[in-house]
Amino acid sequence: MTHKIAVLPGDGTGPEVVAEGIKVLNAIAGPAGLKFEFIHYDLGGERYKRTGEILPDSVLKELRGFRSIYLGAIGHPDVKPGILEKGLLLRLRFELDQYINLRPVILYPGVYTPLRDKGPEDINFVVVRENTEGLYAGAGGVLKYGTPDEVAVQESINTRKGVDRCLKYAFELTRKRNKNKKLTLVGKTNVLTFAFDLWERAFHAMAQSYPDIATDYAHVDATCMWMVKNPEWFDVLVTDNMFGDIITDLGAMIQGGMGIAAGGNINPEGVSMFEPIGGSAPKYTGKNIINPLAAIAAAQMLLDHLGEVKAAAGIEEAIKTVCAKHLKSLQAGKMGYSTSEVGDLVAQYAIDNLK
């Protein structure tokens, strides 16, 4: 079977890090007995500047024919913030119904964390974020714009169907991880008494079908505190769109920074998209000094999602080895290796792991 993967290299350093991810996938193809076909799409800031197009309907139709999309980065210094993000990233998430945002928070050996006395054994959890509803649904409006009496309303949309399918994914993932087998609902039930009353009722109702999973609840502000003080308490966390957006950036910092953080926008029944969490980093474009590990980890998540578990594990172990034995830092220009050299290292270790 050939895995056809749509590639959106995007802006800034996106094409550089995606190239390293593809390098690793191609390297393990033989040893893993896999075949890949990569179809590249010219979407992002340069296309928008050149044509005024962000995501043509014809391209969106083509993307619906894939199981997986591999994304580099979106964000161009010459394009007003929000245009590409809403027109490309958010539109893809909504149009392809990628209702799960999956963010592993893993501290690899040898990677610095700002948390004193915490190590890889303490920082290893996953955040499951609802990805198509909440405040990001775009409901609301403005009255008397630009006047002293202006009113701006942004509505959080939460449906029972949307909440249930997110919770089900989280419960199943907790069971699959088989770690602490604990699922924590993160919310704000004491203030958001409508939205999180729905989340909490749905959470407890679904828990009846998963007697092997321990359930827990934490306010989002308390979650931020415990992620810093006692990250080892967490196994899987599930939350809404906005809170998930916030706590996953905190998670990226405690796992070593944006250079190692990868994520997936997942539709279990459709097209899913995997990407490094860091932005396009335009100041580093073309210098061959950006850290590609997050993009390589995104490729590893993509493989795992496709059911190629052994190959994905081989890449993950290779990333761990490179972090532990080679890199001086995860920061751009301070790794001790170039972008392409880091990709070479991961590729070789991954090949060795699969022999």
Side-chain angles (χ1 to χ4, degrees), residues 5-24 38-56 59-60 63 68-93 96 98 101-103 131 136 245-246 248-253 255-265 272-302 329-335 337-343 346:
I5 299 170
V7 181
L8 279 59
D11 302 315
T13 57
E16 296 175 57
V17 296
V18 159
E20 299 310 309
I22 291 175
K23 175 195 292 181
V24 173
F38 300 101
I39 296 89
H40 287 69
Y41 286 88
D42 172 28
L43 298 173
E46 289 299 328
R47 177 171 182 154
Y48 176 73
K49 286 174 60 184
R50 189 174 66 251
T51 68
E53 294 179 317
I54 301 177
L55 178 58
V59 176
L60 178 61
L63 293 175
S68 298
I69 300 171
Y70 187 29
L71 173 68
I74 295 298
H76 196 290
D78 298 332
V79 179
K80 183 180 178 181
I83 292 177
L84 297 172
E85 291 81 359
K86 291 180 67 175
L88 185 53
L89 291 182
L90 290 184
R91 189 180 177 205
L92 282 171
R93 290 178 188 176
L96 300 177
Q98 295 170 342
N101 183 274
L102 187 65
R103 271 286 291 111
N131 209 33
Y136 287 31
D245 194 3
I246 294 168
T248 52
D249 274 6
L250 175 56
M253 287 301 101
Q255 74 178 114
M258 293 296 186
I260 197 69
N265 301 281
S272 298
M273 180 167 65
F274 299 86
E275 61 182 315
I277 298 304
S280 55
K283 67 180 179 179
Y284 298 126
T285 302
K287 296 182 179 180
N288 198 27
I289 62 172
I290 195 72
N291 185 347
L293 288 181
I296 295 171
Q300 174 258 319
M301 290 181 68
L302 185 154
S329 168
L330 295 186
Q331 296 182 40
K334 299 181 180 180
M335 298 183 292
Y337 296 84
S338 69
T339 303
S340 56
E341 287 172 338
V342 173
V346 177

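Quick note: numbers below take in every heavy atom, side chains included, and nothing from hydrogens, waters or symmetry partners. Nothing fancy with the numbering, it's 1 onward along the sequence.
- Between R47 and P56 there is a side-chain heavy-atom pair separated by less than 4.5 Å.
- The side chain to side chain contact (heavy atoms under 4.5 Å, CB included) search around A261 returns R103, A252, Q255, I277, not counting sequence neighbours.
- What you find for G21 and A299 is that their closest heavy atoms are O-CB, 4.4 Å.
- Residue pairs meeting the salt bridge (Lys or Arg N to Asp or Glu O under 4.0 Å) criterion with at least one member in residues 286-295: none, sequence neighbours excluded.
- Partners of V18 according to the side chain to side chain contact (heavy atoms under 4.5 Å, CB included) rule, which considers only residues two or more places apart in sequence or in another chain, are V7, I22, Y70.
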Could you pull out every donor-acceptor pair under 3.5 Å between side chains of residues 71-81 and any protein atom, sequence neighbours left out?
residue : atom : partner : partner atom : Å
H76     : ND1  : D78     : N            : 3.0
H76     : NE2  : E46     : OE2          : 2.7
D78     : OD2  : K49     : NZ           : 3.2

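- With sequence neighbours excluded, no residue forms a side chain to side chain donor-acceptor pair (under 3.5 Å) with T248.
- Across all non-hydrogen atoms, the minimal contact from N265 to E275 is ND2-OE2, 2.8 Å.
- Rounding to the nearest 0.5 Å gives a distance of 11.5 Å between CG of L302 and CE of M273.
- Pairing each heavy atom of G343 with each of V24, the nearest pair is O-CG2, 3.9 Å.
- Taking each heavy atom of P276 and A295 in turn, the nearest pair found is CB-N, 3.7 Å.
- Legend: side chain to side chain donor-acceptor pair (under 3.5 Å) pairs involving residues 10-24, not counting sequence neighbours, sorted by first then second residue: E20-K23, K23-D344.
- Legend: residues meeting side chain to side chain donor-acceptor pair (under 3.5 Å) with T285, ordered by chain and number and at least two apart, are absent.
- With N101 contributing its side chain and N131 its backbone, the two residues share no donor-acceptor pair below 3.5 Å.
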Stepwise side chain to side chain contact (heavy atoms under 4.5 Å, CB included) test for M258 and D249: CA-CA 8 Å; M258 293 296 186; D249 274 6; 3.6 Å; yes
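- The structure places CD1 of I69 at 9.5 Å from CG of L43, a figure rounded to the nearest 0.5 Å.
- Annotation: ring pair (Phe, Tyr, Trp, His ring centres under 6.0 Å) contacts of Y337 (sequence neighbours excluded): H326.
- The OG1 atom of T339 sits 10.0 Å away from the CG atom of L293 when rounded to the nearest 0.5 Å.
- Atoms CE and CD1, on M301 and I296 in that order, are 14.5 Å from each other to the nearest 0.5 Å.
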Donor-acceptor pairs under 3.5 Å, side chain of residues 82-92 to any protein atom, not counting sequence neighbours: which ones?
residue : atom : partner : partner atom : Å
E85     : OE1  : G82     : N            : 2.8
R91     : NH1  : L55     : O            : 2.6
R91     : NH2  : D57     : OD1          : 2.7

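- For the side chain to side chain donor-acceptor pair (under 3.5 Å) test, residues two or more places apart in sequence or in another chain that qualify with Y41 are E62.
- Checked against side chain to side chain donor-acceptor pair (under 3.5 Å), D42 has the following partners two or more places apart in sequence or in another chain: R50.
- Judged as a ring pair (Phe, Tyr, Trp, His ring centres under 6.0 Å), and not counting sequence neighbours, the contacts of F274 are H305.
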